[in-house]
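The figures here come from the full heavy-atom set of this structure, side chains too, leaving out hydrogens, waters and symmetry mates. Just so you know, ligand 1 is whichever comes first in the structure, and atom 1 is the first atom listed for that ligand. This chain uses plain numbering: 1 for the first residue, then up along the sequence. These numbers come from a predicted model, not from an experiment.
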Amino acid sequence: MPSTIPVAPASCDEVDPGTLSVEQARQHIEALITPVKDTVTLNLTQALNQVLAEPVASPINVPPHRNSAMDGYALRAADLPQQGTVALTVIGTVFAGQPFAGSVGPGECVRIMTGATVPDGADTIVMQEHVQRSADSLTLGTGHCQGQHVRHPGEDIATGQTVLQQGKRLRAAELGLLASLGIPRITVRRQLKVAYFSTGDELQSVGEPLGAGQIYDSNRYILYGMLKDLGVELIDLGVIRDDRAAIEAAFLAAAEQADAIITSGGVSVGEADYVKTTLDKLGQVNFWKIAMKPGKPLAFGRVNDALFFGLPGNPVSVLATFYLLVKPALQRLAGQDAVTPVVVRLPCAESLKKRPGRTDFQRGIMANDANGNLVVRSVGMQASHILSGMSRANCFIILPRESGDVTAGSLVEVMPFEGLMS
Ligand code: AMP
Ligand code: MG
């Protein structure tokens, strides 16, 4: 028994020299990642959210043919009047997708729709608003330029040009781009498999009544949503009780099936935290204190061949640590190029409480004020179990480690969520 009772620090966030900054944690994690190598060739729709394994060169010119950018008339620049007006004969009409069979001679023109192939002989388009038409005769004046309103083959993308680099995650825009080039199948890195489970004797699954002292397991649903957005294959291992044997069995099962394992809970210094003891036995795992709020404790390392992330138990900490540390790591593991999150400086519309010691990732709402200027404010309560605030948030307000309270009107760093919630 110590002869004196330990004194609590004035602030539980006081600077602890043993903690890592978020950036240091990110670098340590990055150093341990080897991206998956295997590739698969998939139909475009199956490749959504997967990572390109090789660069893609265009097999065609875009646009593929010379076409009109306007509704109007296709004619020869040599017929454009230097002064006064000129009359041309309309010899036909050309619609998009239906090329004109003939060619445009001197003194002639063809009515043309946007996107239609410019007929042979013609090299210039005059907008329909700039002409006078009567029967088969067209009258136009000066002010037109040779070659105007003509889109040339390959002007957007030339045959052989690289349009996407390897390491690119394929989203809606990329699928559209690949389809526009007529590419039906694409080679991507194989999909990551991620196993996840929650730990805690107090956790009840949704659909069951809550017993005394129980809470619902929300973390598995948070992880489901965030992992789904990342395009990984999900392996849900459920809720694991705070029981040494059950946790060990869950880890071994997870490591067998998955490239990465994510757990929540059991990484702090609580008495039933068997995650730590199990990992000490099974893997090479570091237990970090990260100078971030929410989300101080984090376990990271390997269990057999699988990468392991042990997230804190509080749901907001799960969201924050996933977003800031796990997501970039899984993106790298999947072979995606590193993504640098955008951070903007915005005036804070209200004062914020902050204790020096950790970097705060407060949940905020960016919105236009009455003058149309973008400002940020807090969602309100910032404790790490307040999921309702997280659900209203569209950004993190990042307050540096050493900073104290923020006064209303000062500039703060804001990281908008991308696809997390909005
Ligand atoms: P722990 O790190 O296991 O001590 O958990 C820290 C806090 O998070 C406790 O209040 C837990 O009840 C809570 N918690 C842990 N896991 C979950 C979960 N899956 N869903 C909701 N809350 C959780
Ligand atoms: Mg627990």
Side-chain angles (χ1 to χ4, degrees), residues 12-13 16 19-20 25 194-228 234-251 253-254 258 260-280 282-283 285-301 303 308-327 358 361 363 381-391 393 420-421:
C12 53
D13 290 332
D16 176 344
T19 61
L20 293 177
V194 180
Y196 58 105
F197 58 87
S198 298
T199 68
D201 280 341
E202 75 279 31
L203 301 180
Q204 178 63 285
S205 292
V206 294
E208 301 291 329
L210 277 185
Q214 289 187 320
I215 58 168
Y216 284 117
D217 169 20
S218 47
N219 290 347
R220 255 181 329 128
Y221 291 85
I222 293 172
L223 289 174
Y224 173 87
M226 305 220 280
L227 289 167
K228 198 84 184 165
L234 305 171
I235 305 168
D236 180 351
L237 295 178
V239 174
I240 311 296
R241 299 287 150 218
D242 290 320
D243 168 85
R244 208 177 296 275
I247 288 182
E248 187 170 330
F251 270 117
I261 305 167
I262 304 175
T263 66
S264 67
V267 289
S268 54
V269 291
E271 296 197 355
D273 290 338
Y274 295 124
V275 171
K276 184 169 184 339
T277 46
T278 306
L279 285 166
D280 282 340
L282 291 185
V285 175
N286 300 299
F287 289 84
W288 292 333
K289 282 189 280 177
I290 302 183
M292 66 183 282
K293 192 178 172 186
K296 191 173 179 180
L298 183 89
F300 172 72
V303 177
F308 168 72
F309 300 89
L311 309 187
N314 276 309
V316 178
S317 306
V318 168
L319 273 158
T321 48
F322 185 94
Y323 198 67
L324 296 162
L325 295 168
V326 182
K327 181 176 166 180
R358 293 198 258 165
F361 292 86
R363 276 69 68 206
M381 279 211 284
Q382 290 289 338
S384 58
H385 60 289
I386 310 281
L387 260 182
S388 59
M390 191 81 203
S391 149
L420 177 63
M421 267 159 225

Visitor: Out of S384, S218, S264, which one pairs with N314 under the side chain to side chain donor-acceptor pair (under 3.5 Å) rule?
Guide: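 For N314, the side chain to side chain donor-acceptor pair (under 3.5 Å) check succeeds only for S384.
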
Visitor: Taking non-hydrogen atoms only, is I215 closer than 4.0 angstrom to ligand 1 via side chain, backbone, both or neither?
Guide: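 For I215, the contact with ligand 1 is made by the side chain alone.
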
Visitor: Could you give the distance from CD1 (I247) to CZ (F197), rounded to the nearest 0.5 Å?
Guide: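 These two atoms lie 7.0 Å from each other.
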
Visitor: Before signing off on this row, confirm whether N314 and ligand 1 have an N or O atom pair separated by under 3.5 Å.
Guide: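 N/O-N/O distance below 3.5 Å exists for this pair.
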
Visitor: Look at atom 1 (P) of ligand 1 and find which of G200, P297, S218, G266 reaches it with the closest heavy atom.
Guide: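 The residue whose heavy atom sits nearest atom 1 (P) of ligand 1 is G266.
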
Visitor: Answer yes or no: is there a donor N or O on one side and an acceptor on the other, between the side chain of Y216 and the main chain of G207, under 3.5 Å?
Guide: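 Flag not set: sc Y216 to bb G207 has no pair under 3.5 Å.
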
Visitor: Show the nearest heavy-atom pair for residues S198 and N219, with the distance to one decimal.
Guide: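 For S198 versus N219, the nearest heavy atoms are OG-CB, 4.1 Å.
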
Visitor: Ring centres under 6.0 Å, that's the criterion: do F251 and F308 meet it?
Guide: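 Yes; F308 has its ring centre under 6.0 Å from that of F251.
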
Visitor: Using a strict 4.0 Å cut-off to heavy atoms of S198, name the atoms of ligand 1 that fall inside it.
Guide: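 Close to S198: 19 (N).
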
Visitor: Would G313 count as a polar contact of ligand 1, with the cut-off being nitrogen or oxygen pairs under 3.5 Å?
Guide: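 Right, the criterion is met.
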
Visitor: Tell me the contacting part of R220 for ligand 1: side chain, backbone, both, or neither, using a 4.0 Å heavy-atom threshold, strictly below.
Guide: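 It is neither part, as no heavy atom is under 4.0 Å.
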
Visitor: Which of the atoms in ligand 1, numbered in the order shown and given with their element, are less than 4.0 Å from a heavy-atom of Y216?
Guide: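 The list of qualifying atoms is 20 (N), 21 (C).
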
Visitor: Please enumerate all residues that pass ring pair (Phe, Tyr, Trp, His ring centres under 6.0 Å) together with F300, with sequence neighbours excluded.
Guide: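 Counting only residues at least two positions away or on another chain, F300 forms a ring pair (Phe, Tyr, Trp, His ring centres under 6.0 Å) with W288, F309.
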
